[in-house]
Amino acid sequence: MINIEPAYEAKKYENKIYQKWEKSSSFKPKKLKSKSNKDSFVISMPPPNATGILHLGHATMLALQDIMIRFNRMQGKSTLWIPGTDHAGIATQSVVEKNLQKQGIQNPRKELGREKLLKEIKKFVETSKDQIRNQIRKMGASCDWTREKYTLHEDMNLAVNTLFSRMYKDDLIYHGSRIVNWDPKMKTTVADDEVEYVEEKTKFYYFKYGPVTIGTARPETKFLDKIIVVNPKDKRFKHLIGKEFDVEWIEGKVKAKVIGDECVDMKLGTGAMTITPAHSLVDFELSQKYKIESHQIIDFDGKIRKDVSKEFGGMDILEAREKIVEKLQKKGLVTKIDEEYVHNLSVNYRGKGTIEPQIMKQWFIDVNKKVIQWKGKKRSIKEVLQDTVKSKMIEIVPNKFDKIYFHWIDNLRDWCISRQIWWGHQIPIWYKANKEQYQEFHAQKDVSSYNLGILGIGKESKFSLTKPTGNYWIQDPDTFDTWFSSALWTFATLGWPKKTPELKQFHPTNVLETGYDILFFWVARMILASTYALRKDKLAEKDCIPFKTVYLHGLIRDRHGKKMSKSHPETCIDPLDMIEKYGTDALRLSLVVGSTPGNDMRLYEEKIAGYRNFVNKIWNAGRFALLNIDAKDFKTAFTVKNVKTDNDKWILTQLQKLIKEVDVDLNKYRFSDAANKVYEFIWNQFCDWYLEESKGPSKNSAILLFVLKNILKLLHPFVPFVSEALWSFIDKKNQLINEKWPEYDQRLVFKKESSTVELAHQIITGIRSARSELKVEPNKKISAVIYAANSTKNLESQRENLMKLARLESLELKYHGEKIKNAKTIIIKNIEIHLPLANLIDFAKEKVKLTKEIESKTTYLNSLQNKLNNPGFLKNASKEVIQKEKERLELEKENLVKLKEQMQSLN
RNA sequence: GGGCGAUUAGCUCAGUUGGUAGAGCGUCCGCUUGACUUGCGGAAGGCCAGUGGUUCGAAUCCACUAUCGCCCACCA
């Protein structure tokens with residue numbers, strides 16, 4: 001006898017099972033004879049940041065990817081899922097710096113210097129990487145740990161530097177002074193799409209500036225403004241264009257010139273503006289167009305520069321703003337202050353530091369230069385990015401993101417890839433300095449590219465891509481944008497730039513599954529890097545894409561639809577807590593069911609508890625089946641000969657239908673639908689009917705085992721632990737993870753017997769409903785008379801079930817017969833069920849009910865009749881639909897007659 | 001300002017070529033019925049946001065409106 005406890009205890013099984021999988025090398029790809037990409041299924045796991053904690057977003061991605069991986073593995077493909085972690089430059093460095101500040105080190109970069117700070121970060125990353133690994137294991141992720149990667153590993157560094165140098169040689173990379181998004185808090189530049197906008201209410205000032213009035217929210221940048229721009233179409237200012245004026249300004253008189261440009265919005269502000277090239281994107285572009293010199297007003301710490309103003313130099317932006325306005329007020333130059341001005345403040349999405357546009361020398365990737373040989377033509381990065389999705393080489397699920405992707409590309413500017421932080425791949429560029437510069441540079445602890453700028457190092461002619469021999473070479477102290485290294489993830493993890501067999505077999509990967517929030521940050525950048533790098537290796541275009549499908553999941557929100565954050569601990573859910581409380585399988589289901597690609601989903605604890613209940617239901621279904629399976633059946637193979645009763649045929653037919661549908665759903669990435677169907681089958685069909693029907697002489701042990709095995713296989717991708725745990729009672733040697741996925745088998749479909757059983761179920765439900773309505777004691781057995789017309793013979797085989805499940809003491813089953821007086825009558829299709837319960841029936845009530853039913857049936861019948869009399873319907877509707885409606889009409893007619901007869905019998 | 005999405009039972013959501021609206025949770029009534037109280041049986045509850053249009057027929061297709069959410073651009 002099998003000893004199996006009455007409730008599933010997730011904790012007892014999960015870790016053990018995971019270890020067994022891992023030890024048996026089940027996560028490794030199978031060796032295949034033909035090394036074609038077609039027989040493989042590969043996912044590169046989006047590497048979680050090495051900052052420590054697994055959140056629900058990670059849990060979701062791990063659940064979805066694991067479902068795909070397990071499904072494909074069971075289908076016999078050589079399946080590879082590469083795990084890894086991301087060094088996450090800015091995020092990680094800022095976490096460590098914050099920790100150090102808590103320990104009393106106010107300015108870690110200045111106080112520790114590069115080497116020591118990097119050491120601290122490394123230490124932190126090592127422990128948090130371990131944490132991540134364990135958490136990924138907890139989720140049941142069947143990834144190949146022997147191939148774990150890290151974005152800052154040496155191999156990755158080689159790949160990153162190789163890509164950079166190739167791009168550099170192709171002239172795709174340039175070092176240029178551009179206006180960049182500077183975060184004075186983190187002291188680094190950030191990319192355009194790393195900038196977030198926060199709505200803020202501020203003051204908007206109007207100043208008299210020579211012949212015009214200008215409006216601004218940022219008086220502190222306006223010290224050296226001397227160009228007035230107006231729209232040449234603006235009648236108010238047209239006559240001023242080209243003229244020069246002496247203007248009384250913040251620190252005395254300045255000479256101002258008026259120019260005209262269409263970009264000025266006549267309706268905005270006063271219609272006239274002055275420009276500050278160094279701290280505004282629009283102004284910078286104007287200054288380039290009209291060759292206007294620019295001056296840095298605000299330094300890299302976010303303070304007014306001392307050499308710009310004696311009076312205001314060194315002041316914070318906000319302080320300076322107030323003081324300047326005061327001064328202008330005294331001079332009588334302030335005409336108006338608007339207190340309720342709402343604008344968008346730019347902040348860094350990491351750390352939320354206010355962005356100050358600055359002109360700096362940075363490294364950029366040119367996205368418009370046509371250097372990629374693509375489909376017979378030289379094309380730019382932008383064009384290739386566009387083509388991969390437009391030509392359906394890459395499919396985005398859901399495809400509504402196509403548009404968003406294209407729109408992003410249309411607005412794409414050159415990508416600034418240098419960051420003034422230390423945690424990351426240091427830029428492989430060396431500059432020649434002289435002795436003094438070299439010494440001065442190294443005397444500073446807080447080295448960054450802006451030190452180089454100040455020292456005047458970095459003239460184009462003195463670059464080198466590899467460390468040159470000779471003295472006084474300084475490596476660019478900046479690092480690459482993290483996304484520049486993670487852009488190589490799919491192919492660098494397979495060994496690129498080396499030409500490895502893995503790269504040949506496993507690339508392009510099949511699916512990239514991630515949140516839609518990093519479509520641009522990462523997904524687009526991977527397409528960029530992969531197409532460029534692999535095309536350069538002369539691979540065919542179709543082999544250069546990083547993945548064939550992009551599946552984007554939504555964000556997990558709390559029950560109110562808000563983003564989960566630690567600041568709302570009452571609704572914020574920690575996946576590890578939930579695993580502890582309800583088990584991994586329950587958590588996985590709660591993340592998968594109800595989630596459709598690209599749409600956000602709300603999650604709350606009751607939902608997880610609900611799936612814990614289901615997991616327990618699975619366990620008990622397995623338990624009951626196992627306790628009822630004969631020992632000999634474990635040893636013999638299932639054959640069609642084992643099929644006996646109509647109930648067997650029914651459950652097998654349902655199972656085949658399920659197998660077919662789940663297969664379609666999984667292939668179409670409809671994970672929620674697939675899981676729901678399995679859920680429905682197990683609970684509402686297998687447990688509620690088949691197992692109940694098995695309690696008695698008609699039990700069929702071989703079928704029980706066969707269906708159970710299939711259920712466990714179908715469940716496995718979704719709930720790997722409980723399915724594997726149950727499997728271990730069936731098969732001591734082989735693990736479910738390596739079993740073969742069920743296949744649809746036409747021989748196990750029995751239409752006729754199935755519909756008989758369906759009918760019996762409807763009759764049982766009808767009787768149960770009547771019993772409940774008439775308040776018949778649940779234990780009391782009653783008699784029933786059924787006139788089943790042409791179904792009589794078929795239903796005879798269901799006698800045992802009808803008696804047992806409807807709790808009958810006697811059952812008369814006839815073709816037809818006389819009406820029974822004072823009985824409760826139920827009509828199902830063309831079948832009459834009479835329950836002689838005269839003493840329990842409230843005839844008045846019954847009449848009211850019947851009258852209502854007859855009424856609604858009559859109106860429905862009329863509408864059907866009308867439909868079938870409608871020439872338009874008969875002309876346009878499909879044959880099947882018309883046939884269906886005709887049958888329906890006949891049935892309803894018959895039904896109505898019976899209802900009317902019933903009414904009469906009550907009188 | 002531009003774009004996208006959502007609006008279906010009290011709550012969370014399905015609804016895959018247009019053909020009498022579904023699930024889970026919650027609610028109500030009743031049950032220790034040979035696994036499961038993390039359970040079993042039954043029931044109530046919806047003019048599918050609104051207005052028009054296409055169609056024999058619309059939750060489903062089209063247009064507009066309203067409310068909510070998101071993304072992008074950007075305000076000198």
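Note: hydrogens, waters and symmetry copies are ignored here, and every other heavy atom, side chains too, is used. Below, chains carry the letters A, B, ... as their sequence lines are ordered, and counting in each starts from 1. In this text the structure is predicted, and so the values were computed from the model without any measurement.
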**Request:** Measure the distance from NE2 on H761(A) to C1' on G41(B) and round it to the nearest whole Å.
**Result:** 15 Å

**Prompt:** Side chain of E5(A), base of A35(B): donor and acceptor closer than 3.5 Å?
**Reply:** no

**Fill in**
From the candidates G19(B), G39(B), A76(B), the one with an atom nearest any side-chain atom of W683(A) is G39(B)

**Message:** Under a plain distance cut-off of 3.5 Å, with no hydrogens placed, do Q685(A) and H761(A) share a side-chain donor-acceptor pair?
**Reply:** no

**Request:** Among U38(B), C56(B), A76(B), find the nucleotide with the atom closest to the side chain of R612(A).
**Result:** U38(B)

**Asked** Is atom NZ of K203(A) surrounded by more than 12 heavy atoms (other residues, nucleotides or ligands) closer than 6.0 Å?
**Response** no

**Prompt:** Which base sits across from G39(B) as a Watson-Crick or G-U pair, both distances under 3.5 Å?
**Reply:** C31(B)

**Item:** A59(B) and A49(B), which share atom name P, separated by this distance in whole Å
**Value:** 10 Å

**Complete:** Out of G19(B), A76(B), A35(B), minimum distance to the side chain of F873(A) belongs to G19(B)

**Request:** Would you mind classifying the nucleic acid contact of F614(A) as base, sugar-phosphate or nothing, using non-hydrogen atoms under 4.0 angstrom?
**Result:** nothing

**Prompt:** Does K222(A) get its side chain close enough to the base of A76(B), under 3.5 Å, for a donor-acceptor pair?
**Reply:** no

**Message:** Would you say NZ of K382(A) has more than 12 non-hydrogen atoms from neighbouring residues, nucleotides or ligands within 6.0 angstrom?
**Reply:** yes

**Message:** Looking only at the side chain of N613(A) (C-beta and beyond, no hydrogens), which of the listed nucleotides G39(B), A35(B), U33(B) gets closest?
**Reply:** G39(B)

**Request:** Determine the Euclidean distance between corresponding P atoms of U60(B) and G53(B); express it in Å to zero decimal places.
**Result:** 14 Å

**Prompt:** Using a cut-off of 4.0 Å on non-hydrogen atoms, how would the nucleic acid contact of T276(A) be classed: base, sugar-phosphate, or nothing?
**Reply:** nothing

**Asked** Do K695(A)'s NZ or CZ and the ring of F624(A) fall within the cation-pi criteria of under 6.0 Å and 45°?
**Response** yes

**Asked** U16(B), G30(B), A76(B): which one has an atom nearest the side-chain heavy atoms of A217(A)?
**Response** A76(B)

**Request:** Go through the side-chain N and O atoms of Y8(A) and N620(A) and say whether any donor and acceptor fall under 3.5 Å apart.
**Result:** no

**Message:** Check this one for me: any side-chain N or O of R888(A) less than 4.0 Å away from OP1 or OP2 of U20(B)?
**Reply:** yes

**Asked** Would F671(A) and Y551(A) count as a close aromatic pair, with their ring centres under 6.0 Å?
**Response** yes

**Prompt:** Rounding to the closest angstrom, what is the interatomic distance between G24(B) and G45(B) at atom C1'?
**Reply:** 15 Å

**Message:** Under 4.0 Å, counting only non-hydrogen atoms across every strand here, what does G696(A) touch: a base, just sugar-phosphate, or nothing?
**Reply:** base

**Asked** Near RNA chain B, which residues from residues 202-209 of chain A have a heavy atom under 4.0 Å away?
**Response** F204(A)

**Message:** Under 3.5 Å, is there a donor on one side chain and an acceptor on the other for N599(A) and T596(A)?
**Reply:** yes

**Item:** S769(A) side chain near A43(B) phosphate (N/O to OP1/OP2, under 4.0 Å)
**Value:** yes

**Message:** Counting only Watson-Crick pairs (N1-N3 plus N6-O4 or O6-N4) and G-U wobbles (N1-O2, O6-N3), all under 3.5 Å, who is the partner of C61(B)?
**Reply:** G53(B)

**Complete:** Rounded to whole Å, the CD-C1' distance (E773(A) to C29(B)) equals 12 Å

**Request:** Looking at every strand, decide which applies to E777(A) at a 4.0 Å heavy-atom threshold: base, sugar-phosphate, or nothing.
**Result:** nothing

**Length of the CZ-C1' vector between F624(A) and A35(B), whole Å** = 6 Å

**Complete:** Out of U16(B), A35(B), U38(B), minimum distance to the side chain of K695(A) belongs to A35(B)

**Prompt:** Heavy atoms under 4.0 Å, any strand shown: does V282(A) hit a base, just sugar-phosphate, or nothing?
**Reply:** sugar-phosphate

**Request:** Sticking with atom P, work out how far C31(B) lies from G46(B), rounded to a whole angstrom.
**Result:** 28 Å

**Same-atom distance (P) from G3(B) to A63(B), integer angstrom** = 13 Å

**Asked** At under 4.0 Å between heavy atoms, what does K884(A) touch on the DNA or RNA strands: base, sugar-phosphate, or nothing?
**Response** nothing

**Message:** With a 4.0 Å limit, can you tell me whether K607(A) has a side-chain N or O closer than that to the phosphate oxygens OP1/OP2 of U12(B)?
**Reply:** no

**Atom-pair distance (CG on L552(A); P on G5(B)), nearest Å** = 15 Å

**Request:** Verify the stacking flag for Y197(A) against C74(B): centroid separation must be under 5.5 angstrom and the ring planes must differ by under 30 degrees.
**Result:** no

**Request:** Give a yes-or-no answer on whether the side chains of D600(A) and Y516(A) include a donor-acceptor pair shorter than 3.5 Å.
**Result:** yes

**Prompt:** Distance only, no hydrogens: is a donor on one side chain within 3.5 Å (strictly under) of an acceptor on the other, for T216(A) and K222(A)?
**Reply:** no

**Message:** Under 4.0 Å, heavy atoms only, any strand: does D688(A) hit a base, just the sugar-phosphate, or nothing?
**Reply:** sugar-phosphate

**Request:** Identify which nucleotide among C56(B), A35(B), C74(B) has an atom closest to any side-chain atom of N870(A), counting heavy atoms from C-beta outward.
**Result:** C56(B)

**Asked** Hey, does the side chain of R218(A) come within less than 4.0 Å of A76(B)'s phosphate (OP1/OP2), counting only N and O?
**Response** no

**Asked** With a non-hydrogen cut-off below 4.0 angstrom, is T274(A) in contact with a base, only sugar-phosphate, or nothing?
**Response** sugar-phosphate

**Message:** Taking the C1' atom in each of C48(B) and G15(B), what is the distance between them to the nearest angstrom?
**Reply:** 10 Å

**Message:** Please report the distance separating the C1' of U20(B) from the corresponding atom of A35(B), rounded so that it comes out in whole Å.
**Reply:** 38 Å

**Length of the line joining L889(A):CG and U20(B):P, which is rounded to integer Å** = 15 Å

**Prompt:** Taking atom types as they are modelled, is there a donor-acceptor pair under 3.5 Å from the base of C4(B) to the side chain of K400(A)?
**Reply:** no

**Request:** Check the pair E605(A) / Y582(A) against side chain to side chain donor-acceptor pair (under 3.5 Å), numbers first and verdict last.
**Result:** CA-CA 10 Å; E605(A) 205 171 326; Y582(A) 302 107; 2.8 Å; yes

**Request:** Please check the phosphate of C56(B) (OP1 and OP2 only) for any side-chain N or O of N876(A) closer than 4.0 Å.
**Result:** yes

**Request:** Could you check which of C4(B), G42(B), G34(B) has an atom nearest any side-chain atom of S772(A)?
**Result:** G42(B)

**Message:** Can you tell me whether the side chain of N344(A) and the base of C74(B) have a donor-acceptor pair closer than 3.5 Å?
**Reply:** yes

**Message:** Nearest to the Y604(A) side chain among G24(B), A76(B), G42(B), which nucleotide is it?
**Reply:** G24(B)

**Request:** Can you tell me, in whole Å, how much space there is between the P of G2(B) and that of G10(B)?
**Result:** 36 Å

**Prompt:** How close or far is atom C1' of G24(B) from atom NZ of K617(A), stated in whole angstroms?
**Reply:** 15 Å

**Message:** For the aromatic rings, using the six-membered ring if either is Trp, is the centroid distance between Y13(A) and W619(A) under 6.0 Å?
**Reply:** yes

**Request:** Please determine, for the side chain of F520(A), which listed nucleotide (C72(B), G19(B), A76(B)) has the closest atom?
**Result:** C72(B)

**Prompt:** Considering only heavy atoms, which members of residues 581-596 of chain A lie under 4.0 Å from some atom of RNA chain B?
**Reply:** T596(A)

